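Quick caveat, the model's predicted, so the values are computed rather than measured. Chain identifiers are assigned alphabetically (A, B, ...) following the order of the sequence lines, protein sequences preceding nucleic acid strands; residue numbering begins at 1 within each chain.
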Number of protein chains: 2
Amino acid sequence: MPDQNSGRRAELLDLAAELFAEHGYRSTTVRDIADAAGILSGSLYHHFDSKESMADEILRGFLDSLFGRYAEIVELGLGPRKTLEAIVTASFEAIDSQQAAVAIYQNEAKHLTKLERFAYIETRNTEFHRLWTDLLTEGIADGAFRPDLDVEVVFRFIRDTVWFAVHWYNPKGSLPVEEIAQQYLTIVLDGIATRRRPAKRRTDG
Amino acid sequence: MPDQNSGRRAELLDLAAELFAEHGYRSTTVRDIADAAGILSGSLYHHFDSKESMADEILRGFLDSLFGRYAEIVELGLGPRKTLEAIVTASFEAIDSQQAAVAIYQNEAKHLTKLERFAYIETRNTEFHRLWTDLLTEGIADGAFRPDLDVEVVFRFIRDTVWFAVHWYNPKGSLPVEEIAQQYLTIVLDGIATRRRPAKRRTDG
DNA sequence: GTCTATAAAGTGATAGAC
DNA sequence: GTCTATCACTTTATAGAC
């Protein structure tokens, strides 16, 4: 295995990530990746052990950086509502800056976790579940969120909507990522129906 | 091609749908399908032209029934809010009764549309987009929905959350599909944040 | 309606030359 | 770091017997 920090290596990994994201892990052949890089398929094995190793490296890097960011946010102790807003915003920023990795995580995680080497995905999913249900439970307890909601349903609802945006978000589109995050937060927090008092309200700090 | 209504044919199609949904279209081999049916792979070709034909038949059947149901709802002329509720509920019912087909639609449509024979998926997507944006625009115009929302963002938000439920919905779970649909509607319409007037409100008919 | 047998193409990966 | 050459295996699909 050559230098882990080689520029060429990172280049190839980026190409692989884009192809995995666009066509799916399974449908992308090592020949496709090599073609995109302008080399032959055999040459890829100078940089990586296997196709699986490439996906592994892409997902590991993405999840480490994402959960590092989440940990930073939680440590700020902003209270349930502001923490929720920050976590959602951070997730949209990840979609913006690491779109391919997010798409792979979305599309392939379920199947890859079956393989031992990808067991850390399950660990991260559990961590994510814990983060959200704690946050929602705390928010319900202190009056920030409605008490009549099923925490599990809300968790999945938020998780799904946030990550699914990766499928249509266009980094070059007219809507900047901050604005989309804001729109999502508005819907999740306040709903789409009209209300008698449209003013912003704040129950927590 | 044998009788289109043969019981065996439908049986094989159901098996294929479950495997495509569970492991992905690409990862499911014709051998897998034949194994599940207790026959050899070659025998499948007595019933179907190709693996692609199987996916085609599954998706066509699903989309036809779903859009038939949508058309029925729209024709009732219930007004924006009640129509939205009915469409969301109908979609959850589809997840309940045709889980495999919905999962295939979710996971594979993007790639399959590239093939000419699956062009009708794009047509349906356009139809779906039209249905929702009309509904939301109408609802904003008559005061049922908030005027400060981007119709496109809300459309994608609802579409994604509703269909994504197929990934975790368990037909044998404790929450009946009607209740999940209701929870989703509550979140989408009213948000998860507390409000000063928690009472139900109705702006349209 | 299923099986036997097999073709034809694609796929992940390796060994060694340059 | 890339290429040449190639292996071992998988996959879709076909032809004809039973």
Does a side chain donor of either [X] or [Y] reach within less than 3.5 Å of an acceptor in the other side chain?
{"X": "Asp32(A)", "Y": "Thr29(A)", "value": "yes"}
{"X": "Ser53(B)", "Y": "Arg117(B)", "value": "yes"}
{"X": "Asp64(B)", "Y": "Tyr120(B)", "value": "no"}
{"X": "Thr126(B)", "Y": "Thr123(B)", "value": "no"}

Without decimals, in angstroms, what is the distance between [X] [atom1] and [N] [atom2]?
{"X": "Ile33(B)", "N": "dA13(D)", "atom1": "CD1", "atom2": "P", "result": "10 Å"}
{"X": "Asp32(B)", "N": "dT10(D)", "atom1": "CG", "atom2": "P", "result": "12 Å"}
{"X": "Asp49(A)", "N": "dA13(C)", "atom1": "CG", "atom2": "P", "result": "9 Å"}
{"X": "Phe48(B)", "N": "dA13(D)", "atom1": "CZ", "atom2": "P", "result": "13 Å"}
{"X": "Leu44(A)", "N": "dG1(D)", "atom1": "CG", "atom2": "C1'", "result": "11 Å"}
{"X": "Lys51(B)", "N": "dT10(D)", "atom1": "NZ", "atom2": "C1'", "result": "12 Å"}
{"X": "Met54(A)", "N": "dT11(C)", "atom1": "CE", "atom2": "C1'", "result": "13 Å"}
{"X": "Leu40(B)", "N": "dT4(C)", "atom1": "CG", "atom2": "P", "result": "6 Å"}

Checklist entry - Looking for any heavy atom pair under 4.0 Å, which part of the strands does Ser53(A) touch: base, sugar-phosphate only, or nothing? => result nothing
Checklist entry - Base, sugar-phosphate, or nothing: which does Ser27(A) touch, judged by heavy atoms less than 4.0 Å apart? => result nothing
Next on the checklist: Tell me which one of Phe67(A), Phe62(A), Phe20(A) satisfies ring-ring contact (aromatic ring centres under 6.0 Å, His included) with Tyr105(A).
Outcome noted: Phe62(A)
[N], OP1 or OP2 - any side-chain N/O from [X] closer than 4.0 Å?
{"X": "Arg26(A)", "N": "dT10(D)", "result": "no"}
{"X": "Tyr45(A)", "N": "dA13(C)", "result": "yes"}
{"X": "His46(A)", "N": "dC3(D)", "result": "no"}

Checklist outcome for this item: The residue, Arg31(A) or Ile39(A), whose nearest nucleotide of DNA chain D is more 5′ is Ile39(A)
Checklist entry - Which one, dC3(C), dT12(D), dG12(C), comes nearest to the side chain of Ser43(B)? => result dC3(C)
